[in-house]
Amino acid sequence: MDLDLANKLYHKMLLIRRFEEKCVEMYSKEKIRGFLHLYIGEEAVAVGVMHALSSEDAIFATYREHGHALARGIHPNRIMAELYGKQEGCSRGRGGSMHLFDAATRFYGGIAIVTGGLPMAIGMALSDKMMKRNKVTVCFFGEGAVAEGEFHESLNLAALWHLPILFVCENNLYAMGTALEFTQSETNISLKAASYRITSKQIDGMNVTEVAESSEEAIAQIRSGNGPVFLECLTYRFRAHSMYDAELYRQKSEVEEWKQKDPLIRLPQDWSDINIAQHEEEISHIIDEAVEFAENGTLESVDDLEKFIYSSEVAR
Amino acid sequence: MDLDLANKLYHKMLLIRRFEEKCVEMYSKEKIRGFLHLYIGEEAVAVGVMHALSSEDAIFATYREHGHALARGIHPNRIMAELYGKQEGCSRGRGGSMHLFDAATRFYGGIAIVTGGLPMAIGMALSDKMMKRNKVTVCFFGEGAVAEGEFHESLNLAALWHLPILFVCENNLYAMGTALEFTQSETNISLKAASYRITSKQIDGMNVTEVAESSEEAIAQIRSGNGPVFLECLTYRFRAHSMYDAELYRQKSEVEEWKQKDPLIRLPQDWSDINIAQHEEEISHIIDEAVEFAENGTLESVDDLEKFIYSSEVAR
Amino acid sequence: MNSTITYREAVRHAIKQAMEKDQRVFLMGEDVGHYGGGYAVSMGLLEQFGSERIIDTPLSESAFTGAGIGAALGGMRPIVEIMTVNFSLLALDQIMNNAANLLHMSGGQFNVPLVIRMVTGGGKQLGAQHSHSLEGWYAHIPGLKILTPATVQDAYDMVTLALADPDPVLIFEHAMLYNNKGLLDTKVIPLSIGKAKIERLGKDITLITYGASLFKALEAAQTLSDEGIDIEVIDLRSLRPLDDETIMKSVAKTHRVMIVDEGWKSGSISAEIMARINEQAFYELDAPMGRVCTLEVPMPYAAHLEQAVLPQADKIVAMAKKIMEK
Amino acid sequence: MNSTITYREAVRHAIKQAMEKDQRVFLMGEDVGHYGGGYAVSMGLLEQFGSERIIDTPLSESAFTGAGIGAALGGMRPIVEIMTVNFSLLALDQIMNNAANLLHMSGGQFNVPLVIRMVTGGGKQLGAQHSHSLEGWYAHIPGLKILTPATVQDAYDMVTLALADPDPVLIFEHAMLYNNKGLLDTKVIPLSIGKAKIERLGKDITLITYGASLFKALEAAQTLSDEGIDIEVIDLRSLRPLDDETIMKSVAKTHRVMIVDEGWKSGSISAEIMARINEQAFYELDAPMGRVCTLEVPMPYAAHLEQAVLPQADKIVAMAKKIMEK
Ligand SMILES: Cc1ncc(C[n+]2csc(CCOP(=O)(O)OP(=O)(O)O)c2C)c(N)n1
Ligand SMILES: Cc1ncc(C[n+]2csc(CCOP(=O)(O)OP(=O)(O)O)c2C)c(N)n1
Ligand SMILES: [Mg+2]
Ligand SMILES: [Mg+2]
């Protein structure tokens with residue numbers, strides 16, 4: 001880790017933060033609709049993990065994936081346009097907040113069914129193994145996913161078949177309004193993975209340095225052919241689950257406590273030379289541009305609606 | 001354990017053995033059709049576990065449940081009649097081999113979807129807990145079920161809600177033709193249960209004494225309100241998976257080895273006073289009677305076919 | 001109670017009353033407790049009934065739906081809330097292979113008095129994985145009853161009807177209806193399961209619909225009446241069983257039929273209704289029947305695309321005119 | 001190859017050839033390897049291709065079906081075998097929410113060239129949980145293609161067609177067909193996906209069917225021809241897309257229609273076909289259309305009850321006569 005890298009990571013985290021704050025603003029102006037799940041507070045996880053990947057690796061994420069998409073390098077313009085439902089969006093406006101996709105960066109969603117992405121990630125890793133491609137697949141999900149059967153089926157397959165896959169559990173303590181203690185008899189999630197004989201580690205998900213370093217280690221291990229790795233990142237979402245959430249299930253004080261661990265505060269503590277003002281300045285331009293791009297985007301013609309149901313109807 | 005009990009357990013195991021052998025005969029005579037999954041070799045499990053239950057307890061089993069049904073005390077006549085598809089069968093001929101049911105003994109199937117019974121068993125135990133009834137629910141399943149997501153969802157709920165339920169895993173090493181090593185990254189099944197903080201034990205499923213004693217302990221613990229218990233019974237099926245199985249996936253020698261551990265050999269080794277000939281004699285009459293009963297049973301009228309789809313159409 | 005409340009409040013009130021009256025009734029599902037319900041239906045119930053009867057489940061659709069079946073077998077009257085129909089796919093094995101089959105499979109021994117409620121429908125820009133309308137698809141399964149309350153009164157009544165039923169009943173609450181206001185009279189005897197309701201009398205076309213589409217249909221009927229076309233609007237209320245009698249009577253009067261439903265067109269409940277009219281009232285028909293369904297597209301996010309996919313009043317009007325021309 | 005083989009052998013041969021030709025093709029599912037396949041389709045393939053390409057999966061329908069989607073995204077051409085349609089309910093989320101949605105949801109970026117094969121149908125006395133015929137029900141889902149090979153030739157051709165298709169294709173193989181013998185010619189160009197085939201020319205009634213019911217229909221047609229009723233039998237081959245053109249042409253010729261399918265009657269594919277004929281060829285009809293489907297009962301075990309539930313040649317004959325009387 002050096003200052004350059006610290007700056008890079010800080011920049012990405014701040015981009016996510018400001019981007020999503022802008023999303024909230026645009027949501028209240030009804031420019032953005034549907035569900036909008038914010039990643040604010042959890043930025044260190046996506047940014048730290050993505051840092052460790054190569055452009056050849058594949059990513060599967062959830063409905064809370066703005067952060068992952070930005071960290072992976074999908075252009076903010078295309079993400080904002082997607083949230084606006086415009087044709088220039090990364091999913092042509094068909095996907096929306098929960099379904100960001102991008103072939104160029106191998107970003108496979110934006111899967112909005114809890115655990116729905118895990119089996120596909122397994123399959124992607126299987127294809128890499130069968131084709132003897134030295135690629136890694138990364139799959140992000142919340143701790144709520146651990147209760148779903150698909151989670152267990154997938155972990156077992158990954159372990160059994162020694163697949164090149166990194167599981168990243170974003171343990172933010174709540175699944176919507178249900179606290180982990182109400183959903184798991186064993187609340188140490190990393191132990192679950194270990195029960196499949198998967199190398200597994202619990203890390204501080206508010207510390208981007210720790211996430212980046214653990215991810216690098218994990219990816220190296222996976223690339224060397226040692227099978228899957230599981231990272232449980234302890235983190236917290238500062239905002240409501242979505243735009244419809246009254247937040248009755250947690251104490252304000254708990255939120256405040258976690259805000260002390262804000263990854264955007266944490267990193268500059270170690271790297272005082274990070275020029276925050278300059279980052280803010282740069283990012284503010286990026287966000288403005290994204291909004292402008294989205295505003296100026298076009299609404300796809302209704303005549304094209306039945307495209308993309310089958311490949312033969314895809315205009316390529 | 002005393003001789004009386006040894007005799008009782010021996011009788012039940014032998015009943016299952018001879019009953020199923022008769023089933024095979026009747027299958028080849030085309031009196032019985034559909035799938036027919038034999039329990040032969042595994043008798044000690046059902047007989048040992050049922051011994052520990054009261055008549056108030058509830059049972060959920062699988063498609064391989066002749067043994068459980070007999071051990072629980074459903075009359076052989078009614079089971080044989082069911083296999084013949086007769087109205088006098090325990091499911092009126094609607095269920096067949098995979099769907100034996102009996103309200104009187106609280107036998108809830110005969111569920112033929114692997115792990116399909118576990119969630120229902122959870123619910124039954126939940127109802128007992130909510131109603132403050134001091135009952136236990138027992139759920140049987142094979143080791144193949146452990147790979148299904150529903151298994152994990154169910155174990156988690158049972159542990160989380162401290163439900164009065166006994167899980168009995170019949171680990172006979174194969175799921176159809178797929179050996180355990182090809183289906184689980186961790187082949188010690190009892191560890192899976194432990195990962196949910198469920199009291200869990202691996203026992204010799206060929207030894208009816210051990211099964212009965214472990215079950216008694218487990219049931220006592222459950223009745224005292226300490227939540228679920230998991231028993232992994234190591235056992236083996238001597239016969240093919242069903243009547244259509246070429247058994248390409250295992251060595252004859254392996255089968256022969258396990259046959260040395262036959263529970264019907266094992267028990268008389270400890271209790272030499274068991275009068276095997278007398279048991280054979282008694283059971284032979286029971287089986288003959290069952291066949292006669294089934295032969296003389298009636299085929300339900302086709303006019304009644306649409307009964308039992310909704311309760312209003314049930315003739316009660 | 002006789003007052004104007006929202007659809008959401010009506011469902012909540014029915015659950016609350018049932019739980020007050022009958023200790024066997026309980027509610028279980030994701031976020032029904034501390035969060036107050038994904039669509040805020042159960043807000044406040046945890047405080048009143050405690051966490052033993054308002055159970056926040058883990059994300060385990062298959063297991064907690066199956067647990068509902070087991071609890072019903074154990075003598076309880078569970079209400080399982082599956083947050084939305086989209087997630088119910090994870091529980092389909094329990095619903096079809098167990099809930100719907102048990103009574104028959106056991107030769108009449110074990111009925112399953114289970115109520116499953118779920119949110120259905122599009123229109124909120126939630127995209128392809130969160131906008132399914134599968135109630136018509138569920139209606140294919142024998143052993144189940146499928147209810148689709150459209151009005152505030154039915155939102156209340158159907159919970160009560162379902163809880164009184166000895167067999168599994170699925171209630172589909174359309175996401176767009178929760179804020180609708182209407183009159184609730186808790187004293188009237190509810191129209192029983194399987195009975196459709198004529199919401200508007202008319203003589204030119206029989207328009208058959210259910211759920212949220214009812215209001216689009218009524219709107220279209222209003223427009224059409226201004227143009228001299230008189231539509232009879234039937235709210236099916238129940239998709240399984242279907243009320244053939246009410247349908248055929250109306251067809252015998254109007255001789256023209258259209259169906260509006262939010263399922264994807266092919267294999268929709270509209271198809272089944274057309275099939276039955278063909279079978280039972282063929283000679284009554286003066287023209288081909290028409291249907292306005294959801295286009296066969298995974299739901300797009302963009303508002304204009306989503307609205308183009310869904311049935312709308314203007315499409316209904318156009319279809320009605322086309323039918324009248326024949 | 002041009003020889004008489006069984007339906008089972010035809011499927012196996014198609015898989016084998018595809019795997020020999022294309023390294024990207026592999027087979028995965030429960031017991032496809034060491035056991036030889038639940039219905040013995042893949043017998044011998046493990047020996048030829050090894051356990052890397054003939055993969056015995058654990059009992060994890062959802063995960064291995066989803067893994068098929070992921071592998072397809074990764075450039076492979078997976079054939080996922082779900083032992084029977086009954087167990088596919090556990091994988092429905094992956095099939096509907098992912099496989100069918102991805103191309104659209106991603107704005108055309110990610111297609112899913114996945115083939116899923118499963119056994120369907122009743123008739124083997126397997127009871128309520130093992131006898132579903134859900135292919136017509138699956139045909140409701142946009143984004144999927146649904147194939148139902150009836151003949152030995154199609155059993156072979158459809159594997160090839162499906163593997164060549166860039167989108168998810170589900171093949172439903174009826175359990176009762178595996179031992180059927182027929183001629184296989186591997187050199188003919190297969191009739192493409194979405195094309196129905198007229199299996200018997202006739203002028204009195206158009207009988208539309210698919211899968212195992214085809215043979216009952218042909219048997220009935222023979223009986224009826226002895227009685228002077230001349231049936232045209234159409235094998236749909238594909239339930240999604242449906243071949244409207246072939247259907248409507250035949251209807252325009254015969255003016256009478258019946259449909260035979262093994263789905264439960266309400267909401268069956270028969271209903272959809274009736275709806276389309278009503279929409280597209282109403283004025284061609286001389287009589288109400290009829291359908292012979294499976295009774296709406298969870299499948300009973302007893303042979304006589306099961307046979308009474310399923311469509312049969314005698315019921316088809318009776319229905320045809322009824323239609324001719326009108
Ligand atoms: C199968 C399924 N069930 C329910 C939902 C509704 N839902 C969306 S997010 C969510 C909570 C998920 O929590 P977690 O996995 O911890 O992720 P987080 O939102 O905390 O990032 C729920 C219940 C869903 N999308 N999918
Ligand atoms: C969900 C599901 N998938 C597949 C099957 C087909 N099947 C029936 S039994 C079986 C093997 C089950 O093995 P195990 O759980 O070990 O039980 P055993 O038969 O050995 O007693 C399979 C794959 C099924 N019944 N249900
Ligand atoms: Mg969470
Ligand atoms: Mg086994």
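In what follows, chains carry the letters A, B, and so on, assigned in the order in which the sequence lines appear, proteins first and then strands, with residues in each chain numbered from 1.
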Check whether any side-chain N or O of R53(C) sits under 3.5 Å from a backbone N or O of M19(C) as a donor-acceptor pair, and report yes or no.
yes

Tell me which pairs pass side chain to side chain donor-acceptor pair (under 3.5 Å) where either residue lies in residues 155-172 of chain C, with sequence neighbours left out.
S311(B)-D167(C), Q17(C)-Y156(C), K145(C)-D165(C), Q153(C)-D157(C)

Shorter than 4.5 Å, heavy atoms on both sides: which option in V112(C), N98(C), T57(C) has the most such pairs with chain B?
N98(C)

What class does the angle between the rings of F230(B) and F141(B) fall in, given that below 30° is parallel, 30 to 60° is tilted and above 60° is perpendicular?
tilted

Inter-chain contacts: residues 237-249 of chain C against chain B, heavy atoms under 4.5 Å
R240(C)

Quick check: under 4.5 Å, non-hydrogen atoms only, which of residues 60-70 of chain C neighbour chain B?
S60(C), E61(C), S62(C), A63(C), F64(C), G66(C), A67(C), I69(C), G70(C)

Verify whether one side chain among Q221(B) and T199(B) offers a donor that lies under 3.5 Å from an acceptor in the other.
yes

Please look at L90(C) and chain B and tell me whether the side chain, the backbone, both or neither of the residue comes under 4.5 angstrom of a heavy atom of that chain.
neither

Flag side-chain contact, heavy atom, 4.5 Å: V159(C) against V115(C):
no

Under the 3.5 angstrom rule, does the side chain of E300(B) hit a backbone N or O of G93(B) as a donor-acceptor pair?
no

Got a salt bridge between E20(C) and K16(C), using NZ or NE/NH1/NH2 to carboxylate O under 4.0 Å?
yes

With a 4.5 angstrom heavy-atom cut-off, is it the side chain or the backbone of I111(B) that approaches chain C, or both, or neither?
side chain

Geometric class of the Y39(B)/H68(B) ring pair [parallel <30°, tilted 30-60°, perpendicular >60°]:
tilted

Ranked by heavy-atom pairs below 4.5 Å to chain C, first place among D102(B), T115(B), L100(B) goes to D102(B)

Using side-chain heavy atoms (C-beta onward) and a distance below 4.5 Å, is L102(C) in contact with M120(B)?
yes

Is it the case that E135(C) and T120(C) place a side-chain donor and acceptor less than 3.5 Å from each other?
yes

Using a 4.5 Å heavy-atom cutoff, which residues in residues 149-159 of chain B come close to chain C?
E150(B), E153(B), S154(B), N156(B), L157(B)

Is chain C contacted by the side chain of A121(B), its backbone, both, or neither, given a heavy-atom distance below 4.5 Å?
neither

Out of P113(C), A72(C), G74(C), which one racks up the most heavy-atom pairs below 4.5 Å with chain B?
G74(C)

Counting heavy-atom pairs under 4.5 Å to chain B, which of R24(C), Q94(C), M28(C), M105(C) comes out on top?
M105(C)

Does a side-chain heavy-atom distance below 4.5 Å link Y27(B) with R33(B)?
yes

Taking A150(C)'s backbone N and O only, do any of them form a donor-acceptor pair with D154(C)'s side chain (distance below 3.5 Å, no angle check)?
no

Any salt bridge between R117(C) and E173(C), counting N to O under 4.0 Å?
yes

I need the single residue from E65(B), R64(B), E170(B) that forms a side-chain contact (heavy atoms from CB on, under 4.5 Å) with F140(B). Which is it?
E170(B)

For each of N97(C), L144(C), N101(C), L59(C), tally heavy-atom pairs with chain B at distances under 4.5 Å, and name the one with the top tally.
L144(C)

Establish, from distance only, whether the side-chain atoms of H37(B) and S97(B) form a donor-acceptor pair under 3.5 Å.
no

Regarding S127(B) and R133(B), do their side chains bring together a donor and an acceptor under 3.5 Å, going by distance alone?
yes

Examine the side chains of T137(B) and Y108(B) and answer whether a donor and an acceptor come within less than 3.5 Å of each other.
no

Heavy-atom pairs under 4.5 Å with chain B: which of A100(C), P166(C), P78(C) has the most?
P166(C)

